[in-house]
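Working notes, beginning with the structure itself.
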Amino acid sequence: MIGQALNRVDGPLKVTGQATYAYEQWGAGQPLYGFIVGATIGKGRITRIDTEDAERAPGVKMVMTHHNAPTQGARDESIPAEYWRAQPALTGPDIHHYGEPVALVVATAFEQARAAAELVEVEYTSGQGRFNFAEQDDEVYIPKVVNAGLPTDTAVGDFDAGFNSAAVKVDQQYTTPYELSMPMEPHACLVEPRDEDLFVYVSCQIVDAARSSVAATLRIDPERVHIVTPFVGGGFGSKLGIHSETILAALAARELRQPVKVAMTRQQIFQLVGNRPTTSQRVRLGAEPDGQLTAIAHDVTMHTNPDVEYAEQTAATTRSLYAAPHRLTSHRLAPLDLPPGTDVRAPGEAPGMLAVESAMDELAHALGMDPVELRILNEPTVDPERAVPYSDRHLIDCLREGARRFGWENRPATPASVRDGRWLVGYGMSAAIRGHFQGPTAARVRLEADGTAVVQTDMTDLGTGTYTVLTQVAADGLGLPPDRVRIELGRSEFPTSWGSGGSWGAASSGNAVHGACMALREQLLDAACGDTRSPLHGLDPADAVFSDGNVVIGGASEALSEIVARNHPEGVEAEGGTRFMGDDPNYTDYSINTYGAHFAEVGVDADTAEIRLRRMLGVFSIGRALNAKTARSQLIGGMIWGAGAALEEEAVVDLRTGAFVNRDFAQYLVPVHADIPDVDAVILDGYDDKANALGAKGVGEVGICGAGASIANAVFNATGLRVRDFPITIEKVLPGLPLMETST
């Protein structure tokens, strides 16, 4: 079953509206509704807040402010990951960023709560906020570590000497904007109090983090917090931790002793959920005339919130991608009074590779060399900074296969030399790499007396296909048809996982389920082979084959249901788990990554500079694909995200207030169907035995890594214009378009 293109097992529930999301839970009965009131300044202090009119409004049950909010736990920075820490709200009069909650209005109906929120009067004393990234050079500092605990800086060899002596040099600055995750399902929560317990129906990616964070904030025993999240409508990093809607709903529910439901509006999500930091990246490449890299440096400066530090690992993949004896990478932070940075899909790699792979294209152009061949020439034999072997690296295969399938040999050798009617046509490509992560994850597999398997783990499904791939792993491990496997996810009472995020979810939870199945097989074989009533009695369990609901040894066979019913009439279960990668020697002894190659063709209108993606191809090496269909879907989704990063996505800060001024989908642009034509993703056969027992690695984010750079490089090939300030928009291309002769 593993690897098959099985249709989503949760598909029928979703297309018939039976998949229940956080805001749609009605088991608790009729809830009250909360609406968040946000600050209208970016820095300062509340001097007066008047809630009397709001409290007298129809249906209002409570108006909570910092004056009457319960005491909460503080963020504990000794806890390694932010998402497990307390996230207090309404704790005082100080305003740290625009939109920060200053009140919660709770009413009988949503419309009543929203109307009453307009009646809350707030007066402020404004402080001197820092909102302009370009003006913060004097406050830039060095973080101790960057995301995922990676080192802030690295150095190998003598970069200055290697770069200065290089025959051909590239030294360019690239900038990327603030970006946001923007899942289809807004951030929402329903909290139901039951005696001393709280049942929290929340849209989140990591159940254990949500439980720990709620408990720490409310200062209650985590056993009193029950997280329920069977379906999540997208997250992309924005739901790795919980946010103010969850804390405020929990506080109100405890005070009112009634269920309270709070959802952010789309506009509030822009201000309250965090964002991908804006970056300024300097990339320096030095090479010999034949294209051999001698020096590579990647220096990144990004914004951070002064109270909640976040350092994206933007230069990290540069450390493993290309061979060069002299190397340098660094990360620096500029504090701004903006919402904290957070993980957004492919954190670090997505903006980092946008810069590095554009620089590699610039080097190829300076050398007069094919960009594919330049990358192949600089393929390392071992990880160039860690000096350990790669576990399973097929980047050259991705490059070669992608070039063949795309028709790369037809690429215009000279920029701005090919025209199709009014369109300038160009080809571009880039490489892709992303580190593979593994988190501690547990799963329980239970066989009922009728031979049906039930899998339980608090792992979440963001719409990526977790229900399906775990069905396949369990069906494969126990030799059952998929319709005899039931997957139960997203409850804190189930075995603990690291949830969905960082492309670690499917591999970590899949291997936990696989381990549970192996332990369960051992129990079943011990029972059957030691039971005189079984046809398998006395046979060697090492020869057993589990297939079609039966256990077969040689010519003897017995149904799983018979073994279970006779020996375990109440059912039998086992647990399996995966270790944190820091405890697995393979992650020390090998460089474990996923790889890919992107190819794009664009058209640029010669008169208006309108850019149109014509086609796009990605070829990927991800180890073993657990499901060919859902994996391809994930990769295509990442490639589309890369198109958005290259051409559309940009959150713009009002430098007077620190507010994001384009805070809806009318102005914050993401790709729609009309923007995306022919996109294809190809997965190479693979199995990485150093990654885990299943040989599978993360697939959710490698599709975005480098994707935007392939489009940027295609725009250069079409026009001869190099845009280094992303996204690439009409305003940045139009002034430099080449003049074209017109026919009469």
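Contact check for Ser509 versus His514: no side-chain heavy atoms found under the 4.5 Å cut-off. Contact annotation: the side chain of Arg444 never approaches that of Thr457 to less than 4.5 Å [non-hydrogen atoms, C-beta and beyond]. Inter-residue side-chain proximity for Leu90 and Pro101 is flagged as met; some heavy-atom pair is nearer than 4.5 Å. For the pair Asp10/Thr468, a side-chain contact is recorded, criterion being any heavy-atom separation below 4.5 Å from C-beta on. Counting heavy atoms from C-beta outward, Ser244 and Met264 have side chains that approach closer than 4.5 Å. Annotation: side chain of Val122 is not in contact with side chain of Thr40 (no heavy-atom distance under 4.5 Å). Gln267 is not listed as a side-chain neighbour of Ile269, based on a closest heavy-atom distance of 4.5 Å or more. In this structure the side chain of Ser212 never reaches within 4.5 angstrom of the side chain of Pro222, judged on heavy atoms.
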* Starting from the C-alpha separation in whole Å, work towards a yes-or-no answer on side chain to side chain contact (heavy atoms under 4.5 Å, CB included) for Val105 and Tyr33. => CA-CA 8 Å; Val105 178; Tyr33 291 84; over 6 Å; no
* To do: Could you give me the CA-CA distance, side-chain angles and deciding distance for Ile242 and Ile247, then say whether side chain to side chain contact (heavy atoms under 4.5 Å, CB included) is met?
  => CA-CA 8 Å; Ile242 59 166; Ile247 296 303; 3.7 Å; yes
Checking Leu447 against Leu520 for the side chain to side chain contact (heavy atoms under 4.5 Å, CB included) test, could you report, in this order, the C-alpha distance in whole Å, the side-chain angles of both residues, the deciding distance, and whether it holds? CA-CA 8 Å; Leu447 265 178; Leu520 197 52; 3.9 Å; yes
Next item on the list: Under the side chain to side chain contact (heavy atoms under 4.5 Å, CB included) rule, what do Gln472 and Asn627 come out as? Steps first, then yes or no, please.
Entry: CA-CA 8 Å; Gln472 292 176 258; Asn627 181 302; 2.6 Å; yes
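Judged purely by atom type and a 3.5 angstrom limit, Thr460 uses its side chain to pair as donor or acceptor with the backbone of Gln205. Of the possible donor and acceptor atoms, one in the side chain of Arg257 sits under 3.5 Å from a partner among the backbone N and O of Asp195. Looking only at distances, a side-chain donor or acceptor of Asp450 sits under 3.5 Å from a matching main-chain atom of Thr452. Between the side chain of Glu312 and the backbone N or O of Asp343 there is no donor-acceptor pair closer than 3.5 Å. Panel note: side chain Thr441, backbone Ser497; no donor-acceptor pair is recorded below 3.5 Å. Counting only distance, with no hydrogens or angles, the side chain of Gln25 and the backbone of Ala22 share no donor-acceptor pair below 3.5 Å. Asp458 places no side-chain N or O within 3.5 Å of a backbone atom of Ser492 that could act as its donor or acceptor partner. Under the 3.5 Å distance criterion, the side-chain polar atoms of Asn511 are matched with a main-chain donor or acceptor of Ala693.
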Side chains of residues 54-65: which donor-acceptor partners sit under 3.5 Å, not counting sequence neighbours?
{"residue": "Glu55", "atom": "OE2", "partner": "Thr51", "partner atom": "OG1", "Å": "3.1"}
{"residue": "Arg56", "atom": "NH2", "partner": "Asp53", "partner atom": "OD1", "Å": "2.6"}
{"residue": "Thr65", "atom": "OG1", "partner": "His67", "partner atom": "N", "Å": "3.1"}

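Arg85 pairs by the side-chain contact (heavy atoms from CB on, under 4.5 Å) definition with Arg75, Glu77, Ile79, Glu82, Gln87, not counting sequence neighbours. A search for ring-ring contact (aromatic ring centres under 6.0 Å, His included) contacts involving Tyr178 returns His303, Phe660, not counting sequence neighbours.
Smallest separation of non-hydrogen atoms from Ala631 and Ile622: CB-CD1, 4.4 Å. Here the closest non-hydrogen pair linking Cys189 and Val200 is SG-CG1, 3.7 Å.
If you check the side chains of Thr342 and Tyr83, you find a donor sitting under 3.5 Å from an acceptor. A side-chain donor from one of His226 and Glu493 sits under 3.5 Å from a side-chain acceptor of the other. With no hydrogens or angles considered, no side-chain donor-acceptor pair links Thr594 and Lys697 at under 3.5 Å. Side-chain N/O atoms of Ser238 and His187 include a donor and acceptor closer than 3.5 Å.
Looking at Glu196 and Arg224, no side-chain N of the basic residue comes within less than 4.0 Å of a carboxylate O on the acidic one, giving no salt bridge. Ionic pairing of Arg211 and Glu223 is present here: one or more N-O contacts between side-chain nitrogen and carboxylate oxygen are shorter than 4.0 angstrom. The residues Arg345 and Glu701 are annotated as not salt-bridged, no charged nitrogen and carboxylate oxygen being separated by less than 4.0 angstrom.
Between Trp84 and Trp498, the ring-plane angle classifies as tilted under the 30° and 60° cut-offs.
Cation-pi contact between Lys14 and Phe231: absent, since separation from the ring centre below 6.0 Å together with deviation from the ring axis within 45° is not met. Stacking of Arg266 on the aromatic ring of Phe665 is not recorded, the 6.0 Å distance cut-off and the 45° axial limit not both being met.
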